[in-house]
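Below, all heavy atoms of this structure are taken into account, side chains as well, without hydrogens, waters or symmetry copies.
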Amino acid sequence: MESGQPPEFLWIKNKNKYTRLLNGREVTLWQEGEEIKSKRLSHNYLKEFLRLDDNLREIYEVIGSDMKMKKAIKEFEGLRITRNDPWETTASFICSINSNIPRIKKNVQCLLGKDGNIPLELYSQDLSYVKLGFRERYIRETSRLITGGFFEGIEKLGYYEAREKLIKLPGVGPKVADCILLFSLGKLEAFPVDVWIARAMKRYFKIEGDKKVRAFARKEWHPYEGYAQQYLYMKVRRDFGKVR
DNA sequence: TTCCAGGTCCTAG
DNA sequence: CTAGGACATGGA
């Protein structure tokens with residue numbers, strides 16, 4: 001809920017509980033010890049949202065192939081990839097372009113409709129008050145292109161093919177595409193490379209350049225590159241910058 | 001005041 | 001394919 005994934009932008013934290021309006025109903029989620037608690041959320045929703053079917057033991061075995069990753073796993077044990085609505089994920093990560101977490105959160109909250117969701121028809125709305133800057137055009141134009149089962153079609157494709165199609169959307173480049181694939185379309189092999197991941201790969205593995213970085217990730221952590229990315233993201237932000 | 005932020009797009013070499 | 005700059009806005 002606080003790891004730079006879509007829930008960080010979409011849910012509001014209030015004393016260790018997380019809340020949002022979802023399809024017009026206020027829902028709440030929190031954790032007590034090992035237990036996950038919720039209000040007005042079905043078990044089925046939680047299972048999908050938190051990807052409770054992912055076998056973390058098996059995933060840790062694959063991505064914990066060296067000392068650095070073992071440490072990251074130990075520090076953030078239990079951290080999960082979440083599964084989110086594709087359009088909300090897409091809009092959120094277009095907002096993230098060359099921005100920062102606090103501002104992304106503000107922008108995303110501004111986009112929420114009366115029912116608490118991000119409307120599909122953003123293209124027909126006045127968005128000037130959201131202060132998206134140059135991102136407004138991307139959001140508006142992309143919202144026009146994703147109507148009519150766009151994401152359902154993409155989800156059926158393999159990772160590379162799906163990625164190519166997503167990158168055609170305005171404001172969606174390699175990084176945002178990988179975020180969409182990982183956080184909403186269930187492609188665990190997606191490996192979003194942002195400034196922090198680039199930094200992590202250089203500091204921890206002496207690897208530089210997008211091409212080499214991606215090749216290394218696949219070689220080491222396939223088919224769970226996305227999980228490796230999430231643990232690396234948290235680890236490098238703690239080690240070299242943001243976050244307590 | 002200046003710099004930077006979970007990048008993308010466009011133009012050159 | 002790699003390199004460099006523009007791009008809106010706001011918080012530090």
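- Using a 4.0 Å heavy-atom cutoff across all strands shown, A:Leu232 reaches no nucleic acid atom at all.
- At whole-Å resolution of the value, CD1 in A:Ile167 and C1' in B:dG7 are 12 Å apart.
- Rounded to whole Å, the distance from OH on A:Tyr129 to P on C:dA8 is 19 Å.
- Ring geometry for A:Tyr204 against A:Phe240 counts as tilted: the plane angle lies between 30° and 60°, on a 0 to 90° scale.
- In the set C:dG10, B:dG6, B:dT8, the nucleotide with an atom closest to the side chain of A:Tyr233 is B:dG6.
- Rounding to whole angstrom units, CZ of residue A:Arg103 and P of C:dA8 are separated by 11 Å.
- Heavy atoms of other residues, nucleotides or ligands lying less than 6.0 angstrom from CG of A:Asn16 number 12 at most.
- Using a 4.0 Å heavy-atom distance criterion, A:Glu8 is classed as making no nucleic acid contact.
- Ring geometry for A:Phe49 against A:Trp11 counts as parallel: the plane angle stays under 30°, on a 0 to 90° scale with 60° as the upper cut.
- Here B:dT8 presents its C1' atom at 13 Å from CG of A:Leu169, a figure rounded to the nearest Å.
- At a threshold of 4.0 angstrom between heavy atoms, the contacts of A:Leu132 with the nucleic acid are absent.
- Two residues, A:Tyr138 and A:Ser99, neighbour DNA chain B, and the one matched to the more 5' nucleotide by heavy-atom proximity is A:Ser99.
- Counting non-hydrogen atoms under 4.0 angstrom, A:Val176 reaches the backbone sugars and phosphates but no base.
- Between A:Lys212 atom NZ and C:dC1 atom C1' there is a gap of 13 Å when expressed in whole angstrom units.
- Computed from coordinates, the A:Lys175 NZ to B:dA5 C1' distance equals 12 Å when rounded to whole Å.
- More than 12 heavy-atom neighbours from other residues, nucleotides or ligands sit within 6.0 angstrom of CD on A:Gln31.
- Taking atom P on both C:dA8 and B:dC10, the two are 13 Å apart, rounded to the nearest angstrom.
- Listed nucleotides: C:dG10, B:dG6, C:dA8. Nearest to the side chain of A:Pro192: B:dG6.
- A:Phe76 has its ring centre no less than 6.0 Å from the ring centre of A:Tyr233.
- The residue A:Ser3 sits close to a base: some heavy atom pair falls under 4.0 Å.
- Under the 6.0 Å distance and 45° angle rule, A:Lys37 does not count as a cation-pi partner of A:Trp30.
- OP1 or OP2 of C:dT2 has not a single side-chain nitrogen or oxygen of A:Lys211 nearer than 4.0 Å.
- Within the nucleic acid shown, A:Gly171 comes within 4.0 Å of sugar-phosphate atoms alone, with no base atom in reach, counting heavy atoms only.
- Atom P of B:dG6 sits at a distance of 23 Å from the matching atom of C:dG4, rounded to the whole Å.
- Residue-nucleotide stacking is not present for A:Trp196 and B:dG6, judged by a side-chain ring centre under 5.5 Å from the six-membered base ring centre and planes under 30° apart.
- Nearer the 5' end of DNA chain B, as judged by each residue's closest nucleotide, is the contact made by A:Arg199, out of A:Arg199 and A:Ala177.
- Of the two residues near DNA chain C, A:Pro102 and A:Ile97, the one whose nearest nucleotide lies more 5' is A:Ile97.
- Picking from C:dG11, B:dG6, C:dC7 the nucleotide with the shortest atom distance to the side chain of A:Asn98 gives C:dC7.
- In this entry the distance linking NZ of A:Lys105 with P of C:dG11 reads 14 Å, nearest Å.
- One interatomic measurement links the two molecules: CZ of A:Arg135 to P of C:dC7, which rounds to 14 Å at whole-angstrom precision.
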